[in-house]
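Worksheet: the structure to be examined is printed underneath.
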Number of protein chains: 2
Amino acid sequence: MTSMSGPEDWVASPVDVVDPRARPTMKNVAALAGVGVKTVSRVINGEPNVSPATIARVRAAAESLDFHPDLHAGNLRRADGRSSTLGLLVGSVGNPFSGAMHRAVEDAANARGVAVFASSLDDDPDREEVAVSAFLRRRVDGLILTTVSKSQSYLLPELRRGTPVVFVDREPAGVEADVVVSDNAAGAAAATRHLLSYGHRRIAFLGDRADIQTAQERRRGFLEELGRAGVATADIPVITGLHDEDAANRALIALLESEHPPTAVFSSQNLITIGAVRGLRERGAHHTVALVGFDDVPLADLLEPGVTVVAQNPHEIGRLAAARIFARLDGDRSAGRTYVVPTELITRGSGEMRPK
Amino acid sequence: MTSMSGPEDWVASPVDVVDPRARPTMKNVAALAGVGVKTVSRVINGEPNVSPATIARVRAAAESLDFHPDLHAGNLRRADGRSSTLGLLVGSVGNPFSGAMHRAVEDAANARGVAVFASSLDDDPDREEVAVSAFLRRRVDGLILTTVSKSQSYLLPELRRGTPVVFVDREPAGVEADVVVSDNAAGAAAATRHLLSYGHRRIAFLGDRADIQTAQERRRGFLEELGRAGVATADIPVITGLHDEDAANRALIALLESEHPPTAVFSSQNLITIGAVRGLRERGAHHTVALVGFDDVPLADLLEPGVTVVAQNPHEIGRLAAARIFARLDGDRSAGRTYVVPTELITRGSGEMRPK
DNA sequence: TCCGGTCCTGACATCGATGTCACAGTTTGG
DNA sequence: CCAAACTGTGACATCGATGTCAGGACCGGA
């Protein structure tokens with residue numbers, strides 16, 4: 001601490017005093033180990049042709065300085081320019097469907113030392129573009145996106161550069177790429193067929209915002225199945241634009257109190273299903289009005305009656321999406337494909353009631 | 001495709017042919033706009049002293065090339081060295097508690113243009129160190145960590161360098177830093193007091209792995225409350241080491257079939273609570289044996305009976321953790337503090353049954 | 001007219017790593 | 001025993017951006 005130089009202390013100290021607030025670099029490690037920086041680089045990256053003695057010295061120096069290499073600096077020069085980073089945009093990281101997908105993506109990424117940026121879309125087109133832009137500025141190696149904008153053509157230049165992009169849960173517009181989605185229309189049709197087979201003819205549809213692609217598909221599957229069964233859809237109550245539990249709850253209660261209440265309900269999204277369950281309970285109709293939901297709901301099997309659903313497989317969607325990204329990073333140049341992950345009808349009671 | 005040069009084709013083309021697979025840099029934008037790179041930098045970063053005409057030219061060039069600045073390259077030279085990135089390590093991104101926390105962190109980060117790396121811990125000490133190391137190699141500005149290792153002293157050098165670290169959900173060992181946790185012992189005591197007040201004396205404890213800090217705290221709160229009430233804890237069934245729904249389910253069934261079955265159960269974690277609910281149902285005991293769980297469970301209010309819980313506030317934990325990180329990034333140098341987020345007893349029926 | 005001060009602008013060094021290449025010393029093969 | 005090949009190593013340019021600094025154009029005032 002005491003200065004040892006005289007009045008002419010303009011001479012820089014030849015010894016690098018270690019500043020605990022400074023982050024060590026390869027240069028520091030090299031100096032401490034008495035080798036060149038390139039040799040440190042070789043040791044850190046496990047490159048061959050370094051003597052065991054040198055390896056040991058470098059390791060010890062790196063350890064004693066708590067050196068962590070700067071991945072991004074290395075990236076800059078590195079030939080393939082990979083950042084070992086993925087961008088994932090989901091509905092909301094707080095939502096169980098998104099969480100399961102996220103988890104599957106993470107597991108695949110982890111196995112390759114890839115880190116995942118996760119962002120929530122909140123069905124807001126502005127957030128979509130902001131998030132994608134944030135990912136691109138950080139030079140992610142690939143994008144897994146849930147989208148809500150009218151068109152994803154803003155991604156065309158990036159796709160042309162070869163960045164792998166996989167769209168999940170919803171199909172994009174204006175671009176060709178890999179897509180991984182649930183069997184939305186077919187699942188909705190299966191749910192509808194199930195209710196029809198129990199004798200229901202007046203089945204209400206509770207749907208999400210009409211501008212969301214999956215919501216449209218589910219509605220289409222529902223209506224087409226009714227058509228196939230020869231049910232006149234004119235007086236079928238189709239309610240859309242519900243975006244949370246509360247709206248669904250109110251809509252269902254209004255239906256129950258209408259002149260011709262439905263004998264069954266198809267709720268086309270998990271939050272809507274929960275709102276519908278609440279509504280049925282509040283009116284004491286949960287043992288008389290049938291209900292089938294799209295997308296599984298936690299603890300649905302423990303409710304009384306259990307909630308019959310068309311379950312999606314978010315884990316499989318995430319797994320497949322990540323697999324596509326890595327396949328393309330490994331050189332797959334085939335044309336973009338759409339992968340449809342099947343849904344599964346799980347009967348638990350609420351969907352197996354006959355109209356009274 | 002056909003070569004237009006003669007045998008001496010060593011002459012490089014003076015015109016830069018635009019390669020659609022190449023990612024544009026500031027140099028490319030500068031060339032197209034007919035300005036220097038530094039001017040492009042100024043425009044992109046909104047620095048002053050650039051003429052409106054130049055701004056327009058640069059903007060147009062950047063737009064036409066679909067230029068996205070490389071944040072990490074900028075970072076390298078940038079004075080503060082901030083990467084606008086955060087590392088978040090949670091129990092599992094697929095778990096609703098983690099999801100809620102993650103969401104709150106994301107919201108705070110988003111407001112400052114900060115992206116979040118999310119990783120799952122899975123209560124595996126190796127994953128903890130691997131994840132932290134991956135974060136540090138990517139030069140995150142701050143760390144929000146759920147931990148499981150015996151000691152976090154491996155973080156001391158990083159803390160000394162001034163990287164803000166906040167521990168969430170569980171208290172760390174061997175380091176001093178900001179900590180945000182639920183009121184574990186007090187919450188467990190409140191749950192216990194609640195059951196005692198309904199006349200229960202033989203209350204079983206179903207607990208998570210004993211080496212997890214929060215699990216210990218909840219057990220302590222439970223036992224201390226029994227002590228205060230003068231209940232002999234000798235013949236109180238305390239079962240720990242349950243790490244999933246299934247184990248909890250089996251443990252509970254074994255208890256019910258034992259010689260002196262409990263009249264009430266305190267399940268100290270959300271998966272354990274679910275396993276306990278299943279066990280009670282399978283044995284038809286859900287209307288006779290009381291149950292209070294620690295941590296809320298989705299749809300708990302719709303079950304029959306509703307599940308009484310001591311609810312945590314994961315959103316508030318995440319919000320507070322992010323707030324601490326940003327406060328420290330903004331210069332707060334105060335000593336590390338522990339923030340305790342209160343829990344709340346929510347009565348729904350399962351905890352309000354008297355012993356038969 | 002000259003001077004000092006803004007306003008704009010670009011050349012250049014630099015951040016922390018890796019790719020290339022040159023070079024010395026050691027083996028190997030003929 | 002010597003050329004060829006291989007091993008171990010470090011100097012240096014470079015990746016894409018920003019900080020520094022210097023210089024030219026233009027302004028108003030003396």
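Everything quoted here is computed from the prediction, not taken from an experiment. Residue numbering restarts at 1 for every chain, and letters A, B, ... go by the order of the sequence lines.
Partners of A:Arg170 under the salt bridge (Lys or Arg N to Asp or Glu O under 4.0 Å) rule, at least two apart in sequence or in another chain, are A:Asp123. A:Phe67 is linked by a ring-ring contact (aromatic ring centres under 6.0 Å, His included) to nothing, counting only residues two or more places apart in sequence or in another chain. Residues meeting the salt bridge (Lys or Arg N to Asp or Glu O under 4.0 Å) test with B:Arg319, sequence neighbours left out: B:Glu316. The side-chain contact (heavy atoms from CB on, under 4.5 Å) check on B:Arg139 picks up A:Arg23, A:His68, A:Asp70, with sequence neighbours excluded.
Within the structure, ring-ring contact (aromatic ring centres under 6.0 Å, His included) pairs that include any residue of residues 119-173 of chain B do not occur (at least two apart or interchain). Listed by first and then second residue, the salt bridge (charged side-chain N to carboxylate O under 4.0 Å, His left out) pairs involving residues 43-59 of chain A amount to none (not counting sequence neighbours). Under the ring-ring contact (aromatic ring centres under 6.0 Å, His included) criterion, no residue pair touches residues 35-62 of chain A, with sequence neighbours excluded.
The distance from atom CG of A:Asn49 to atom P of D:dA5 is 17 Å, rounded to the nearest whole Å. As rounded to whole Å, 12 Å separates atom C1' of C:dC8 from atom CZ of B:Arg57.
Look at B:Ser51 and you won't find any side-chain N or O under 4.0 angstrom from OP1 or OP2 of C:dC8. For B:Thr54 and C:dT9, the shortest distance from a side-chain N or O to OP1 or OP2 is below 4.0 Å.
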| query | Can you give one letter per nucleotide of nucleotides 17-22 of chain D, 5' to 3': B if a protein heavy atom sits under 4.0 Å from the base, S if only from the sugar-phosphate, - if neither? | reply | SBBB--

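Fit an axis to the five pairs at each end of the helix from C:dT1-D:dA30 to C:dG30-D:dC1 and the two axes sit 40° apart, to the nearest 10 degrees.
Comparing B:His72 and A:Val35 along DNA chain D, the residue whose closest nucleotide (by nearest heavy atom) sits nearer the 5' end is A:Val35.
The pair A:Asp330-A:Arg112 meets the salt-bridge criterion, since a charged nitrogen lies less than 4.0 angstrom from a carboxylate oxygen.
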